[in-house]
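First comes the structure, then the notes that go with it.
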There are 2 protein chains.
Amino acid sequence: MVSVLGYALLGLLARAPSTGYDLTRVLDRDLSYFWSARHSQIYPELARLERGDHVRHTVISGAGPRPTKRYEITARGRDALTAWLVGEPEESIERNPTMLRISSLWLIDRAAARQLLDGVRRRSTDRLSLYRRFAAEFDAEPGSADPSQPAFATRATLEAGIRSQEARLAWCDWLQERLEGSGR
Amino acid sequence: MVSVLGYALLGLLARAPSTGYDLTRVLDRDLSYFWSARHSQIYPELARLERGDHVRHTVISGAGPRPTKRYEITARGRDALTAWLVGEPEESIERNPTMLRISSLWLIDRAAARQLLDGVRRRSTDRLSLYRRFAAEFDAEPGSADPSQPAFATRATLEAGIRSQEARLAWCDWLQERLEGSGR
DNA sequence: AGCAACATGTAAGTCGTTACATGATTTC
DNA sequence: GAAATCATGTAACGACTTACATGTTGCT
């Protein structure tokens, strides 16, 4: 039994062998816009994946107080990952704090509503420009057009992020018009 | 200290007094497309909100083995809710299993990729038609155009859902073209 | 010499899900 | 009279966050 976090780690390890620290940089610090995890979750999960023979490690030289471990995916791990990709999707339980706030928008006056909406718009704008910058970098590389390359998949997730933020910004305009339009 | 789930419950109770069972129907079964919770989480959370004087209950006649409790929001609860609405947003940690799958799309062949993408498209289409049906119902009512009515806020979240799904479907088309276009 | 980055682990606590438990009222 | 719905609670477990703990290497 592999958890979703386990599949996230397998997906990264299928791209390149990495240390737990490398994986943490991707999932905690960097561009973790569709999955995130802290190192305190990642290290135990790697140990569990190893117990299930989905990854294996070799000790390499490194700067930590403990032995530095370089993990790589096993054949069994790769099989489990590809089986999951086309398998039944988990019920994605949406938990969207922004929309939760919006659902109580009727409680506050127009000025407060504008403030709330401006915050949403600003964060969305920031996200969008970040994604567009990354997407441009990928488009400059050759691998991003080849479906068998990791860069292709990353570019696809970036496109989803871009379109999602564009849609949200258009929604902000729609809502603002409805707010201002009413003689409240 | 009120949790996000606490604010979700306060938001519902600000609309109408309810039993824990009523709240469960909304957050677990019904249209819980931006927040969800099970009854085992809701009942203890209501008790905690009551300890903090954010809600209060009165016992009414009902069909359960225990006394049926009708909760209503207090002035303090309403203040906490409106303060949260315009306060600092929590870091919304995106956890998107669909995009996690897509990020490993490069591992599988064209047929499997098409299968994965078709699943995404189908679920998105279903969601979209559901949201559109609900939105049409709201548009028929008068309150949905008045920003001080709960129906206005619900209609706004529905619009966000609609636009989000439309964007995802357009993204599916984009990705499919890029997949088929390459002579893989 | 000092600081940032490297590097891995555990512990305590919160949030959320699944399962256990119970029994009255309404509908067919 | 059987089944669905109403109605509230607890227990065990898994997922995730925050905090504790430690020490090396490389850069300035």
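Below, chain A is the first sequence line, B the second, and so on; all start at residue 1. Note that the coordinates shown come from a computational prediction; the quantities given were computed from them, not determined experimentally.
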Let me know the distance between [atom1] of [X] and [atom2] of [N], rounded to the nearest Å.
| X | N | atom1 | atom2 | result |
| --- | --- | --- | --- | --- |
| E91(B) | dC16(D) | CD | C1' | 15 Å |
| R48(A) | dC16(D) | CZ | P | 10 Å |
| L27(B) | dC15(C) | CG | P | 16 Å |
| Y7(A) | dA15(D) | OH | C1' | 16 Å |
| E90(A) | dT18(C) | CD | C1' | 17 Å |
| R70(B) | dT8(D) | CZ | P | 13 Å |
| R38(A) | dT10(C) | CZ | P | 19 Å |
| L23(A) | dG9(C) | CG | P | 12 Å |

Item to check | With Y71(A), the side-chain contact (heavy atoms from CB on, under 4.5 Å) member among R56(A), E50(A), H54(A) | outcome: E50(A)
Answer yes or no: is there an ion pair linking [X] with [Y], defined by an N-O contact shorter than 4.0 Å?
| X | Y | result |
| --- | --- | --- |
| R25(A) | D22(A) | yes |
| E45(A) | R48(A) | yes |
| R155(A) | E159(A) | yes |

Checklist entry - Would a distance-only check, ignoring hydrogens and angles, find a side-chain to backbone donor-acceptor pair under 3.5 Å from R76(B) to G52(B)? => result yes
Item to check | Out of dC6(C), dC15(C), dA7(C), whichever nucleotide has its closest atom nearest the side chain of T19(A) | outcome: dA7(C)
Checklist entry - Looking at the side chain of Y21(A), which of dT8(C), dG23(D), dT17(C) is the nearest nucleotide? => result dT8(C)
Checklist entry - Which of residues 39-46 of chain A have a heavy atom under 4.0 Å from DNA chain D? => result S40(A), Q41(A)
Checklist entry - With respect to the phosphate group of dC6(C), does any side-chain polar atom (N or O) of R25(A) fall under 4.0 Å of OP1 or OP2? => result yes
Checklist entry - Do the rings of Y7(A) and W84(A) sit parallel, tilted or perpendicular, given the 30° and 60° boundaries? => result parallel
Item to check | 5′-ward residue of the pair T68(B)/W35(A) relative to DNA chain D | outcome: T68(B)
Checklist outcome for this item: Result for 5'-nearest mapping on DNA chain D, choosing between R66(A) and R95(B), is R95(B)
Checklist entry - Got more than 12 heavy atoms from elsewhere within 6.0 Å of CD, E90(A)? => result yes
